[in-house]
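These figures come from a predicted structure and were not determined experimentally. FYI, side chains are in, hydrogens and waters are out, and symmetry mates aren't considered; it's all heavy atoms of this structure. Numbered from 1 within each chain, the chains take letters A, B, ... in sequence-line order.
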Number of protein chains: 2
Amino acid sequence: MRGHAQREQGQEDGHGQEHGHDHHGHDACGGHGAGDVVERAERLCQTRGLQFTRLRRDVLAAVAAEHKPLGAYDIAERMSAPGRRVAAVSVYRALDFLTEQGFVHRISSRNAFVSCGHDHGEGAGLVFLICRTCGGIDEMTAPAVESALDQTLAGAGFTPTSRILEVEGECGACRGRGDAGENA
Amino acid sequence: MRGHAQREQGQEDGHGQEHGHDHHGHDACGGHGAGDVVERAERLCQTRGLQFTRLRRDVLAAVAAEHKPLGAYDIAERMSAPGRRVAAVSVYRALDFLTEQGFVHRISSRNAFVSCGHDHGEGAGLVFLICRTCGGIDEMTAPAVESALDQTLAGAGFTPTSRILEVEGECGACRGRGDAGENA
DNA sequence: GGTGGGGCTGATACACTGTAACATGGACCG
DNA sequence: CGGTCCATGTTACAGTGTATCAGCCCCACC
């Protein structure tokens with residue numbers, strides 16, 4: 001799947017952010033769209049005294065436009081256009097910034113990134129639900145899981161600084177449709 | 001070619017007070033050593049009617065010899081010797097096999113692998129504890145976390161097929177020693 | 001005994017992911 | 001105007017993982 005197989009034509013020159021893919025339930029996200037994410041990030045950067053540059057904005061917009069994990073090279077490709085070539089390394093730098101600020105998250109199991117519209121801190125126990133069928137991803141907080149994990153870690157004498165919790169499977173929407181390829 | 005590994009390797013013990021990697025009590029693992037892991041794997045392969053070849057055995061032994069995540073190229077390097085050159089691709093294939101059989105686990109956040117002496121199924125909710133200070137890794141089962149996660153997923157209508165739960169931080173031994181910044 | 005197939009390994013090449021190092025340009029400050 | 005900091009552009013390269021073809025070994029089968 002690593003590849004440039006499908007690119008839903010999303011954006012021309014201007015970055016019109018139509019969000020026409022709600023293939024997955026996506027309830028937990030609170031229903032914010034790409035534009036909301038970008039706006040919120042811009043506000044927060046002002047608050048924090050950080051530069052929300054065009055590159056960073058565009059990278060965030062590109063990630064937010066898709067509700068599935070995007071690789072850095074995918075992002076670079078989507079942002080590039082006749083007249084503007086965006087190198088992957090630039091995307092990585094923007095991604096570093098956005099990740100630090102909590103605007104995007106890295107999905108280790110996919111070497112990819114997703115945008116985040118929440119305002120949880122870095123320490124929040126996030127769970128990522130990745131659908132094998134539609135490729136969509138959902139992010140949610142799970143206090144019960146978090147506290148159970150905290151207790152487990154404390155029992156092991158381990159002091160956590162960061163966590164990764166990614167679940168792969170089939171989302172409700174795909175299961176309902178029986179998209180798996182068989183099943184019924 | 002790639003034999004350019006600048007990464008910390010070796011660092012086997014060799015001093016009485018090794019800040020190496022048998023830091024963790026490692027109780028959860030049942031105290032098995034590398035040999036145990038290999039033996040167990042051999043038995044299970046026989047039971048399952050699978051080939052436990054020399055390559056696979058050696059790869060497993062190499063991984064089991066270190067109690068920290070090892071990259072595929074690291075493994076290849078360690079296994080190579082005058083007279084036997086092991087290509088990374090071979091290691092990957094062996095690793096695929098070993099992972100499928102549950103003898104090793106992949107650590108997504110590190111692009112690396114660790115051996116496993118447990119006999120849990122693939123579905124078990126494993127937690128990996130990676131110490132930033134000593135680089136050691138511990139694996140444990142956490143039923144409470146697992147059940148909380150199951151419930152959360154069920155509530156979201158998500159059907160899981162695999163999970164990744166990796167925690168980075170500082171293990172008890174390192175914290176006790178205050179290894180955080182000093183020492184090198 | 002010969003033969004063919006399947007699984008394992010060797011080897012080369014390549015694709016994808018990520019980082020280092022250096023140069024440029026703009027904003028701010030003296 | 002000159003200097004510094006930050007962000008970006010650019011090139012090169014390291015690290016991770018796969019595709020592909022070829023040789024080998026074991027074993028069933030003839």
Proximity to the side chain of [X] - top-ranked nucleotide from [options]:
X        : options               : result
A/Gln51  : C/dA11, D/dC6, C/dT19 : D/dC6
A/Phe113 : D/dT20, C/dG18, D/dC6 : C/dG18
B/Tyr73  : D/dT10, C/dT9, D/dG17 : D/dG17
A/Asn111 : C/dG18, C/dT9, C/dT12 : C/dG18
A/Arg56  : C/dT12, D/dA7, D/dT10 : D/dA7

Integer-rounded Å distance: [N] [atom2] and [X] [atom1]:
X       : N      : atom1 : atom2 : result
A/Tyr92 : D/dT8  : OH    : P     : 17 Å
B/Phe97 : D/dG17 : CZ    : C1'   : 20 Å
B/Phe52 : C/dC8  : CZ    : C1'   : 14 Å
B/Asp96 : D/dA19 : CG    : C1'   : 13 Å
B/Ile75 : D/dG17 : CD1   : P     : 10 Å
A/Arg85 : D/dT8  : CZ    : P     : 15 Å
B/Leu70 : D/dG15 : CG    : P     : 15 Å
B/Arg54 : D/dC24 : CZ    : C1'   : 15 Å

Any ion pair linking [Y] and [X] (charged N to carboxylate O, less than 4.0 Å)?
X        : Y        : value
B/Arg132 : B/Glu168 : yes
A/Arg84  : A/Asp58  : yes
B/Asp150 : B/Arg163 : yes

So, is A/Ser90 close to the D/dG9 phosphate, meaning a side-chain N or O under 4.0 Å from OP1 or OP2?
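Affirmative; the distance criterion is met.
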
OP1 or OP2 of C/dT9 versus the side-chain N and O atoms of B/Thr53: is any pair under 4.0 Å?
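Indeed, a polar side-chain atom of B/Thr53 lies that close.
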
Could you check whether the side chain of B/Arg93 and the base of C/dG10 have a donor-acceptor pair of N or O atoms closer than 3.5 Å, going by distance alone?
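Yes, a donor-acceptor pair under 3.5 Å.
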
Touch class at under 4.0 angstrom, heavy-atom based, for [X] against every strand present:
X        : result
A/Val89  : base
A/Arg106 : sugar-phosphate
B/Arg110 : nothing

So which atom in B/Gln51 and which in B/Phe97 form the shortest heavy-atom distance, rounded to 0.1 Å?
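Closest heavy-atom pair between B/Gln51 and B/Phe97: O-CZ, 3.7 Å.
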
Establish, yes or no, whether a centroid distance under 6.0 Å links the rings of B/Phe128 and B/His105.
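Yes, ring centres under 6.0 Å apart.
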
Relative to the 5' end of DNA chain C, which residue comes earlier, B/Ala87 or B/Leu55, by the nucleotide with the nearest heavy atom?
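So the residue in question is B/Leu55.
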
